[in-house]
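Keep in mind that the numbers below use all heavy atoms, side chains included, and drop hydrogens, waters and symmetry copies. Values in this document were obtained by computation on a predicted structure and should not be read as measured data.
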Amino acid sequence: MSVQRYKLTPVGWLGAALFILPTPVAAWISSPKQLSGGEAMFKQRLAEVSGTVPYEGPSFFVLTLLATATLVGLVMLFVGRELHDA
């Protein structure tokens with residue numbers, strides 16, 4: 001009985017990147033931007049007056065696209081592997 005190991009093809013490496021990278025990209029896009037002093041005071045005053053602050057996060061389409069890239073990357077990772085003798 002021989003020992004075999006998996007080796008990733010270029011499709012597998014691309015799938016691994018698509019599986020891993022959308023999560024940090026989504027976190028980076030969703031993080032609040034740095035506000036200047038005037039902008040921070042404006043948002044605080046706006047929250048006091050209306051009770052809400054406008055949401056400035058990524059669009060639903062971008063988040064859906066990143067989630068889809070993760071799933072496609074997982075499939076590509078499984079498809080892009082091959083067995084070779086160790």
Side-chain angles (χ1 to χ4, degrees):
M1 184 161 105
S2 66
V3 176
Q4 294 183 336
R5 296 184 186 258
Y6 284 111
K7 178 182 177 184
L8 290 180
T9 63
V11 171
W13 284 109
L14 180 62
L18 282 176
F19 181 68
I20 298 295
L21 291 177
T23 301
V25 168
W28 177 67
I29 290 174
S30 298
S31 63
K33 64 179 184 173
Q34 297 294 328
L35 300 176
S36 68
E39 289 174 328
M41 285 177 39
F42 172 73
K43 289 204 178 219
Q44 181 182 7
R45 182 71 180 133
L46 185 64
E48 290 172 359
V49 171
S50 66
T52 60
V53 176
Y55 175 67
E56 296 179 6
S59 69
F60 183 70
F61 175 75
V62 171
L63 292 178
T64 304
L65 187 66
L66 289 171
T68 303
T70 299
L71 295 176
V72 169
L74 183 62
V75 170
M76 289 175 68
L77 180 63
F78 286 138
V79 169
R81 59 188 180 150
E82 59 187 19
L83 287 172
H84 74 290
D85 292 326

Could you go step by step and tell me if L66 and T70 meet the side chain to side chain contact (heavy atoms under 4.5 Å, CB included) rule? CA-CA 6 Å; L66 289 171; T70 299; 5.7 Å; no

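No side-chain donor-acceptor contact under 3.5 Å links R45 to the backbone of F42.
The two atoms that bring S2 and D85 nearest to each other are OG-OD1, 3.9 Å, heavy atoms only. The nearest pair of heavy atoms linking A17 to P22 is O-CD, 4.0 Å. Heavy-atom minimum distance, P24 versus I20: CD-O, 3.1 Å.
Taken to the nearest 0.5 Å, the CD atom of Q4 stands 9.5 Å off from the NE2 atom of H84. The line from CG of L14 to CE of M76 is 4.0 Å long, rounded to the nearest 0.5 Å.
Residues I29 and L21 fall into different hydrophobic clusters, defined by Ile, Leu, Val, Met, Phe, Trp and Tyr side chains chained together at heavy-atom separations under 4.5 Å. If you chain together hydrophobic residues whose side chains sit under 4.5 Å apart, F78 and F19 fall into the same group. The cluster map of Ile, Leu, Val, Met, Phe, Trp and Tyr, joined by side-chain heavy atoms under 4.5 Å apart, puts V25 and L65 in different clusters.
At least one side-chain heavy atom of L77 sits less than 4.5 Å from a side-chain heavy atom of L8.
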